Amino acid sequence: MIVKILDDYEKVSEAAALIVKALMISKPQCILGLATGSTPIGLYQSLVRSCKNGEISFRDVRTFNLDEYVGIDMDHPESYHCFMEKHLFDHVDIPKGSFHVPWTDGDNAERDCERYDRSIFEAGGIDLQILGIGGNGHIAFNEPADFFTEETHITTLDERTIRDNARFFDRMEDVPVKAMTVGMGVIMHARRIVMLATGANKADAVYRMLCGEITPRVPASVLRLHPDAVLFLDREAANRIEKLPFIHKM
Ligand code: GLP
């Protein structure tokens with residue numbers, strides 16, 4: 001994994017966006033893996049600007065999101081469906097039907113998970129996966145566990161994740177406790193990974209991802225085994241690893 005430290009959130013967003021745009025220009029029919037959370041918002045804003053000024057187009061791009069809460073409506077303002085519309089899909093030229101966000105109403109979750117994996121496989125897999133990291137080291141909603149799960153699955157969210165997500169909901173009891181998430185298979189088979197982490201509250205997770213054991217207890221640690229992964233950090237998220245010798249400062 002290549003690690004690059006940049007000054008601030010804006011620079012992290014632009015550096016990541018540049019990689020996405022370069023792929024979209026060189027391969028207009030690319031398959032993008034998309035993430036939610038506050039971290040990639042700046043990256044999406046940059047993509048929206050470039051699409052509006054004609055530098056890039058989503059006409060032939062297909063996208064697959066990592067995850068979605070279970071137990072809230074698709075049109076709930078905090079659903080990941082709404083998040084993606086608000087921050088990207090409503091502002092770019094992507095055709096309806098070309099973007100995919102996991103969904104299950106819970107009746108046949110196993111079938112919905114299998115179908116999601118199959119649709120990614122049939123599309124040819126992910127060319128470029130955008131990732132954030134949870135405060136506990138999770139990626140997508142692959143929470144710390146005793147083993148890695150390969151397939152898309154339903155997961156129970158970790159206490160830390162529920163606490164972190166509480167800021168988006170009015171009442172603690174409204175915060176979802178379950179989610180549908182791609183597993184490590186989709187993520188680790190992505191041809192390229194671009195991960196972003198910003199802010200001091202990510203410093204511990206970043207340190208454990210890069211410097212500890214590779215273990216399902218810190219799901220992001222497995223990314224060190226990916227052949228083409230780059231991690232962009234701002235100074236705050238990098239504050240525990242800045243002195244390590246393999247770090248590129250930009
Ligand atoms: C959620 C998402 C993750 C994301 C994480 C971090 O848990 N499922 O994909 O990486 O939030 O979010 P934020 O960027 O808001 O810190």
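Because the structure is predicted, anything quoted here is derived from the model rather than measured. FYI, the numbering just counts along the sequence from 1.
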Item checked: Test side chain to side chain contact (heavy atoms under 4.5 Å, CB included) applied to F232 and I5, step by step -> CA-CA 6 Å; F232 292 110; I5 304 177; over 6 Å; no
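- Taking all atoms of both residues into account, the shortest heavy-atom contact from W103 to Y69 is CZ3-O, 4.4 Å.
- Here the side chain of Y9 pairs no donor or acceptor atom with the backbone of G199 at under 3.5 angstrom.
- The backbone N or O of G71 sits nowhere less than 3.5 Å from a side-chain atom of K178 that would complete a donor-acceptor pair.
- Within a 6.0 Å radius of CG in D170, no more than 12 heavy atoms belonging to other residues, nucleotides or ligands are found.
- A donor-acceptor pair is defined here as one N or O able to donate and one able to accept, closer than 3.5 Å; such a pair exists between the side chain of S50 and the backbone of S46.
- Taking 4.0 Å as the cut-off between side-chain N and carboxylate O, R208 and E213 do not count as a salt-bridged pair.
- Using modelled atom types, one side-chain atom of E68 and one backbone atom of H81 make a donor-acceptor pair closer than 3.5 Å.
- Across T155, N136, T149, a single residue satisfies side chain to side chain donor-acceptor pair (under 3.5 Å) together with E143, and that is N136.
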Item checked: Pair T63-H100, side-chain hydrogen bond (donor to acceptor under 3.5 Å, both in side chains): steps then yes or no -> CA-CA 6 Å; T63 71; H100 307 83; 5.4 Å; no
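- When all heavy atoms are compared, the tightest approach of I162 to V175 is O-CG1, 3.6 Å.
- Once rounded to the nearest 0.5 Å, the distance linking CD1 of I214 with CG of L210 reads 10.0 Å.
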Check: So I19 and L128, side chain to side chain contact (heavy atoms under 4.5 Å, CB included) or not? Walk me through it.
Finding: CA-CA 9 Å; I19 294 180; L128 193 160; 3.7 Å; yes
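- Under the rule for a side chain to side chain donor-acceptor pair (under 3.5 Å), the partners of D204 that lie at least two apart in sequence or sit in another chain are R240.
- Taking 4.5 Å as the limit, every side-chain heavy atom of T181 sits out of range of all side-chain heavy atoms of H138.
- To the nearest 0.5 Å, atoms OG (S57) and CD (E55) are separated by 12.0 Å.
- The 12-atom threshold is not exceeded at CZ of F121, counting heavy atoms of other residues, nucleotides or ligands nearer than 6.0 Å.
- Residues I126 and L225 share a single hydrophobic cluster, defined by chaining ILVMFWY side chains whose heavy atoms lie under 4.5 Å apart.
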Next item on the list: Apply side chain to side chain contact (heavy atoms under 4.5 Å, CB included) to R167 and S38, showing your working.
Entry: CA-CA 11 Å; R167 66 189 195 276; S38 330; 3.1 Å; yes
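- Annotation: the span from C113 atom SG to E151 atom CD amounts to 9.5 Å, rounded to 0.5 Å.
- In terms of heavy-atom proximity, A179 sits nearest to V70 at C-CG2, 3.6 Å.
- In terms of heavy atoms, Q129 sits closest to L34 at NE2-N, 3.8 Å.
- Atoms CG and CZ, from L23 and R191 in turn, are 9.5 Å apart once rounded to the nearest 0.5 Å.
- Residues I72 and Y80 share a single hydrophobic cluster, defined by chaining ILVMFWY side chains whose heavy atoms lie under 4.5 Å apart.
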Next item on the list: Kindly determine whether V186 and F64 satisfy side chain to side chain contact (heavy atoms under 4.5 Å, CB included), including the steps that lead there.
Entry: CA-CA 10 Å; V186 166; F64 291 89; over 6 Å; no
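- M195 has its side chain within reach of I133: a pair of non-hydrogen atoms, C-beta onward, lies under 4.5 Å apart.
- Checked by atom type and distance alone, the side chain of E150 never pairs as donor or acceptor with a backbone atom of M184 at under 3.5 Å.
- With N142 contributing its side chain and I139 its backbone, the two residues share a donor-acceptor pair below 3.5 Å.
- Residue I41 is not grouped with residue L18 when hydrophobic side chains (ILVMFWY) are merged at heavy-atom distances under 4.5 angstrom, including chains of intermediate members.
- No side-chain heavy atom of V194 sits less than 4.5 Å from a side-chain heavy atom of L131.
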Next item on the list: Run the numbers on D234 and T198 for side-chain hydrogen bond (donor to acceptor under 3.5 Å, both in side chains), then give the verdict.
Entry: CA-CA 5 Å; D234 69 355; T198 56; 4.6 Å; no
Next item on the list: Could you please spell out the steps behind the side-chain hydrogen bond (donor to acceptor under 3.5 Å, both in side chains) verdict for Y207 and N239?
Entry: CA-CA 9 Å; Y207 175 76; N239 72 24; over 6 Å; no
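- For N65 (side chain) and D67 (main-chain N/O), no donor-acceptor pair under 3.5 Å exists by modelled atom type.
- No chain of hydrophobic side-chain contacts below 4.5 Å, direct or via other Ile, Leu, Val, Met, Phe, Trp or Tyr residues, connects V218 to I193.
- Considering only heavy atoms from C-beta on, H87 stays 4.5 Å or farther from T36 through its side chain.
- More than 12 non-hydrogen atoms from other residues, nucleotides or ligands lie less than 6.0 angstrom from CZ of R224.
- No side-chain heavy atom of F141 sits under 4.5 Å from any side-chain heavy atom of L66.
- Under 4.0 Å is where a charged nitrogen must lie from a carboxylate oxygen, and between R163 and D158 no such pair does.
- When every heavy atom of H226 is checked against every heavy atom of A190, the shortest pair comes out as NE2-O, 2.6 Å.
- With values rounded to the nearest 0.5 angstrom, R111 atom CZ is found 8.0 Å from D107 atom CG.
- Looking only at side-chain heavy atoms (C-beta outward), E114 and D117 stay at 4.5 Å or farther from each other.
- When every heavy atom of S79 is checked against every heavy atom of M74, the shortest pair comes out as OG-O, 2.6 Å.
- Under 4.0 Å is where a charged nitrogen must lie from a carboxylate oxygen, and between D8 and R235 no such pair does.
- Within the 4.5 Å cutoff, the side chain of D127 has no heavy atoms near those of the L32 side chain.
- Annotation: E173, atom CD; neighbour count of heavy atoms from other residues, nucleotides and ligands within 6.0 Å is above 12.
- For the pair I120 and V182, the minimum side-chain heavy-atom distance is below 4.5 Å.
- Distance CG/D164 to CG/N201: 7.0 Å, rounded to 0.5 Å.
- Under the 4.0 Å criterion applied to side-chain N and carboxylate O atoms, R49 and E14 are assigned as salt-bridge partners.
- For the residue pair T104/R115, the side-chain donor-acceptor check at 3.5 Å is not satisfied.
- Within a 6.0 Å sphere centred on NZ of K27, heavy atoms belonging to other residues, nucleotides or ligands number more than 12.
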